[in-house]
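A quick note: this is a predicted structure, and the numbers were derived from the prediction, not measured. Note that these values count all heavy atoms, side chains included, but never hydrogens, waters or copies made by symmetry. First the proteins, then the strands, lettered A, B, ... as listed; each starts at 1.
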Amino acid sequence: MTEPVRVRFAPSPTGKPHVGNIRTAMYDWIFARHTGGKFILRIEDTDVARKKEGALEAIMESLKWLGLDWDEGPDVGGDYGPYFQSQRLELYKAAAERLVAQGDAYYCYCSPERLEALRKEQEARKQLSGYDRSCRNLSPQERAAKEAAGIRPVVRFKTPEQGQTSFHDLIYGDVVFENNTLDDFVMLKSDGYPVYHLASVVDDHAMKITHVIRDEGWISSVPRHLLIYKALGYEPPQYVHHPVIVGADRAKLSKRHGAVSLLDFRDIGYLPETMFNFLTLIGWSLDDKTEIMTREQIVKNFSIERMGKTGAFFNTDKLDWMNGVYIRGLTVEDLSDKLLPFLDKYLPPEIKRPLDVNYVKQIVPLIRERINTLKDAAAYADFFFVDKLEHDASKLVDKKMDAETALTALKSAEETLSSLENFDRDELENTLRPLADDLGIKAGQLFSVLRVATTARDATPPLFETMAVLGKERCLKRIKAAISRLNNHRD
RNA sequence: GCCCCCAUCGUCUAGAGGCCUAGGACGGCGGCCUUUCAAGCCGUAAACAUGGAUUCGAAUUCCAUUGGGGGCACCA
């Protein structure tokens, strides 16, 4: 019988998680849900210096926004807590001391200065090879002297100098390392905090983690982990390393690649379902054609075997397209609700708040297939809200028309429209098409002038619908304004 | 310098020896629809890094080379 799957997302609280970090969490979560296992959130806060205020909140917020709920973690607890490594220091210390007692580790009293000098020298010789093991065989007397001098030691692992360490990665396959390419790495710092290698091994074992899913960059530290597992007599987990997301320069994604935090995408108006779908598709595919998938479909069909091993670029063009697909799939009600806070935030400040929900609902069908992010709506639809339009005289006069004709058209339109009773889409069309005939111009020409007059734009949703939503009063006012603008311009 | 990983259209990918004159998607280009802009639909250009080897047959296997990425911290 196989044990139930337990996977963990183990971020260190150093900032807002970017899409690469979060994709790892997604694979964890999807795999857990797919197998009916548990998804655990563990905070690796063992580096006091790098810890950032608000990072924990940002991590949880990111996960929640994407719908990645955790079964055990800092806030919800669980049988294997605590879930902050800073609260598990005794465990790491005990493990380290045990390894020292067993002869698999030793105390090292080398000063940071000495290590720094050593590294410098190795770099100069182009022979980086790690710690020189000078404390590996200190005599009891030597050690006592160092202790007496008040030096707080670190604990280093006694890496075998021969043999090899290998493992089978579920994505990358078999990987072999020569032990003599590894050094005696630090497990426990002098401040009593563990280093990642020790802490993650101790915790993964204590928390009964079955699969370690993390990015490819960790492959090179697996042998260290394996060595610790072996010394401690623990069974190692299955390893699942996945490729990273890269920036435009093909280097691993990081802060310097711009706005890549997941929460930034939320704030620009990408939908969580878009991000979920899109991010899984970087590095995983269902088949040779399926791209738009619900969370349920992904969970149901997910498999590690179908994950790739090549680093991938985060293509925002495709993301925009996909977000558009999801936006168009929303009901008017739903999209209106989602749009409201974005309109509120990004529409010009002089527009009266609160915005009229029912008015927004009328606008939504007109802009739905014209926006790719929720934020786009404000810039696209502001003419529905602003009070005074700034007409561009050159736009008012269509290329195929002179100012005189445009003016005449606007005046006739104003006169005709003012007598309309319903001012709905059909009535507008039934009135304006014949009007173009009467004026002796093409329908398109008339529509063009009216479009600019009523919206100050040359690209808008369909004219009749737009005018109907704007309403008779507002349209007539704007047409009048356009007429006087043209008059002034002519003089 | 040493170690590890990777390599199909511009991008994300399908492809696990013959189904590949390499499929899909985004983006590009052309067209249709059309009152503008979109959306939608149709079409089109575009890739197996290179060299060997194995095989009747290789994008698929093996070995080099080249290129890219990562690691070699009292960071994770």
Side-chain angles (χ1 to χ4, degrees), chain A residues 10-12 14 44-47 49-50 108 110-112 115-116 119 122-123 125-131 152-156 169 172-173 175-178 180-183 185-191 193-197 199-200 214-223 241 243-244 246 249-252 278 281-292 305-306 308-322 324-325 328 366-372 380 398 429 432-433 436 442-448 450-452 455 457-464 466:
Chain A
S12 62
T14 55
E44 311 228 320
D45 53 349
T46 56
D47 186 346
R50 290 206 312 158
C108 168
C110 292
S111 67
L115 297 173
E116 177 62 17
R119 194 176 309 116
Q122 291 177 340
E123 261 168 38
R125 281 186 319 187
K126 291 190 180 288
Q127 283 180 351
L128 263 183
S129 48
Y131 180 56
R152 314 248 323 179
V154 301
V155 177
R156 287 186 184 271
D169 187 272
Y172 286 94
V175 186
V176 185
F177 290 83
E178 295 294 331
N180 63 18
T181 63
L182 274 28
D183 74 342
F185 57 93
V186 173
M187 291 191 299
L188 203 67
K189 311 180 212 174
S190 55
D191 62 2
Y193 276 73
V195 146
Y196 174 87
H197 307 303
S200 71
R214 49 153 68 139
D215 84 60
E216 177 213 347
W218 291 103
I219 289 181
S220 52
S221 45
V222 172
H241 291 91
V244 295
V246 301
D249 56 0
R250 292 258 119 201
K252 182 175 168 179
F278 188 75
L281 242 28
I282 301 181
W284 178 80
S285 62
L286 172 61
D287 54 30
D288 59 345
K289 48 179 72 74
T290 313
E291 302 220 279
I292 302 291
E305 295 75 61
R306 290 199 62 84
K309 42 176 87 162
T310 329
F313 176 71
F314 190 91
N315 186 336
T316 46
D317 275 343
K318 189 158 183 174
L319 179 70
D320 283 345
W321 161 77
M322 188 176 281
V325 171
R328 277 170 246 132
L366 302 186
I367 65 172
R368 195 187 352 213
E369 60 253 348
R370 293 174 173 78
I371 57 174
N372 282 328
Y380 190 83
D398 190 272
E429 174 155 28
L432 292 173
R433 283 198 190 276
K442 289 196 169 150
Q445 292 181 296
L446 174 61
F447 299 162
S448 171
L450 276 174
R451 169 172 294 108
V452 179
T455 68
R457 302 279 189 90
D458 49 17
T460 73
L463 182 63
F464 311 134
T466 300

Would you say the ring centers of Y196(A) and W218(A) fall short of 6.0 Å from each other? yes
Hey, does F313(A) reach any base, or is it just sugar-phosphate, or nothing, if we go heavy atoms under 4.0 Å? sugar-phosphate
When the distance from OH of Y380(A) to P of A39(B) is rounded to whole Å, what number comes out? 10 Å
With rounding to whole Å, what would you report as the distance between C42(B) and C26(B) at their P atoms? 11 Å
Looking at G27(B), C4(B), G24(B), which one has an atom nearest to any side-chain atom of I219(A)? C4(B)
Rounded to whole Å, the CG-P distance (D320(A) to C12(B)) equals 16 Å
Return the nearest nucleotide to the side chain of T310(A); candidates are U8(B), A76(B), A14(B). U8(B)
P spacing across the pair C74(B) / G51(B), given as an integer number of angstrom: 45 Å
Could you pull out the closest heavy-atom pair between I367(A) and P461(A), with the gap in Å? CG2-CG, 4.5 Å
Would you say the side chain of M187(A) lies within less than 4.5 Å of the side chain of V195(A), judging by non-hydrogen atoms? no
Between A76(B), A38(B), C74(B), which nucleotide gets closest to the side-chain atoms of R370(A)? A38(B)
Got a second to check how far L463(A)'s CG is from L432(A)'s CG, nearest 0.5 Å? 7.0 Å
Check every atom of G70(B), A14(B), G24(B) against the side chain of K252(A) and return the nucleotide holding the closest atom. G70(B)
Please state the C1' separation for the pair A25(B) and A45(B) - nearest whole angstrom. 16 Å
For the side chain of V175(A), starting at C-beta, report the closest nucleotide among A76(B), G70(B), C4(B). C4(B)
Do any side-chain nitrogens or oxygens of R214(A) fall under 4.0 Å of OP1 or OP2 in A76(B)? no
Between CD1 of I292(A) and P of A25(B) the distance, given in whole Å, is 12 Å
Judged by nearest nucleotide, the residue sitting upstream toward the 5' end of RNA chain B, Q127(A) or V244(A), is Q127(A)
P atom, A49(B) versus A58(B): distance in rounded Å? 16 Å
Verdict with supporting geometry, R451(A) and T460(A), side-chain hydrogen bond (donor to acceptor under 3.5 Å, both in side chains): CA-CA 8 Å; R451(A) 169 172 294 108; T460(A) 73; 3.0 Å; yes
Now, which nucleotide makes the Watson-Crick or G-U wobble pair with C72(B), with each of the two distances under 3.5 Å? G1(B)
Phosphate oxygens OP1/OP2 of G40(B): is one of them under 4.0 Å from a side-chain N or O of R368(A)? no
From C-beta outward on L128(A), which listed nucleotide comes closest to its side chain: U35(B), U8(B), G1(B)? G1(B)
To the nearest Å, how far apart are W321(A) CH2 and A25(B) P? 9 Å
State whether R152(A) and D191(A) are salt-bridged, where the test is any N-O pair (Lys NZ or Arg NE/NH1/NH2 against Asp/Glu carboxylate O) under 4.0 Å. no
K289(A) NZ - A22(B) P separation (whole Å): 16 Å
Find the distance E305(A):CD to U13(B):P and express it as a whole number of Å. 18 Å
Tell me what V176(A) touches on the nucleic acid: a base, only sugar-phosphate, or nothing, going by heavy atoms under 4.0 Å. sugar-phosphate
Once you round it to whole Å, what is the distance between P of C26(B) and CD of E291(A)? 7 Å
Tell me whether the OP1 or OP2 atom of C37(B) has a side-chain N or O from R457(A) closer than 4.0 Å. no
Taking the side chain of R451(A) as its heavy atoms from C-beta onward, which of U13(B), U35(B), G24(B) lies nearest to it? U35(B)
Touch class at under 4.0 angstrom, heavy-atom based, for P243(A) against every strand present: nothing
In the strands shown, is A49(B) matched to any nucleotide by a Watson-Crick or G-U wobble pair with both distances under 3.5 Å, and which? U65(B)
Selection from A14(B), C2(B), C74(B) that lies nearest to any side-chain heavy atom of T181(A): C2(B)
Which nucleotide in C74(B), A25(B), U35(B) has an atom nearest any side-chain atom of K189(A): C74(B)
So, does R156(A) get its side chain near the phosphate of A73(B), meaning an N or O under 4.0 Å from OP1 or OP2? no
Plane angle bin for F185(A) and H197(A) - parallel if under 30°, tilted between 30 and 60°, otherwise perpendicular: perpendicular
Identify which nucleotide among A38(B), C74(B), C3(B) has an atom closest to any side-chain atom of E369(A), counting heavy atoms from C-beta outward. A38(B)
Does C6(B) have OP1 or OP2 under 4.0 Å away from a side-chain N or O of K309(A)? yes
So does E123(A) pair up with R119(A), basic N to acidic O under 4.0 Å? no
Quick one: label V186(A) by what it contacts on the DNA or RNA (base, sugar-phosphate, nothing), any heavy atom closer than 4.0 Å. sugar-phosphate
Determine the Euclidean distance between corresponding C1' atoms of C48(B) and C32(B); express it in Å to zero decimal places. 34 Å
State whether the distance check finds a donor on one side and an acceptor on the other, under 3.5 Å, for side chain T460(A) versus base C37(B). no
What distance, rounded to whole Å, do you find between the two C1' atoms, one in C37(B) and one in A76(B)? 49 Å
In Watson-Crick or G-U wobble terms, both distances under 3.5 Å, what is the partner of C37(B)? none
Would you call E44(A) and R50(A) a salt bridge, using N to O less than 4.0 angstrom? no
With a 3.5 Å limit on both atom pairs, tell me what G27(B) is paired to, counting Watson-Crick and G-U wobble, or say none. none
If the cut-off is 4.0 Å, is S285(A) near the phosphate of A14(B), judged by side-chain N/O to OP1 or OP2? yes
Nearest-angstrom distance, C1' atom, A64(B) to A47(B): 23 Å
Mate of A14(B) where both pairing distances stay under 3.5 Å, Watson-Crick or G-U: none
Spacing between Q445(A) atom CD and U34(B) atom P, to the nearest angstrom: 18 Å
Taking for each residue the nucleotide of RNA chain B bearing the nearest heavy atom, is the 5' side occupied by R125(A) or by Y172(A)? R125(A)
How far does the C1' atom of A16(B) sit from the matching atom of U60(B), given to the nearest Å? 7 Å
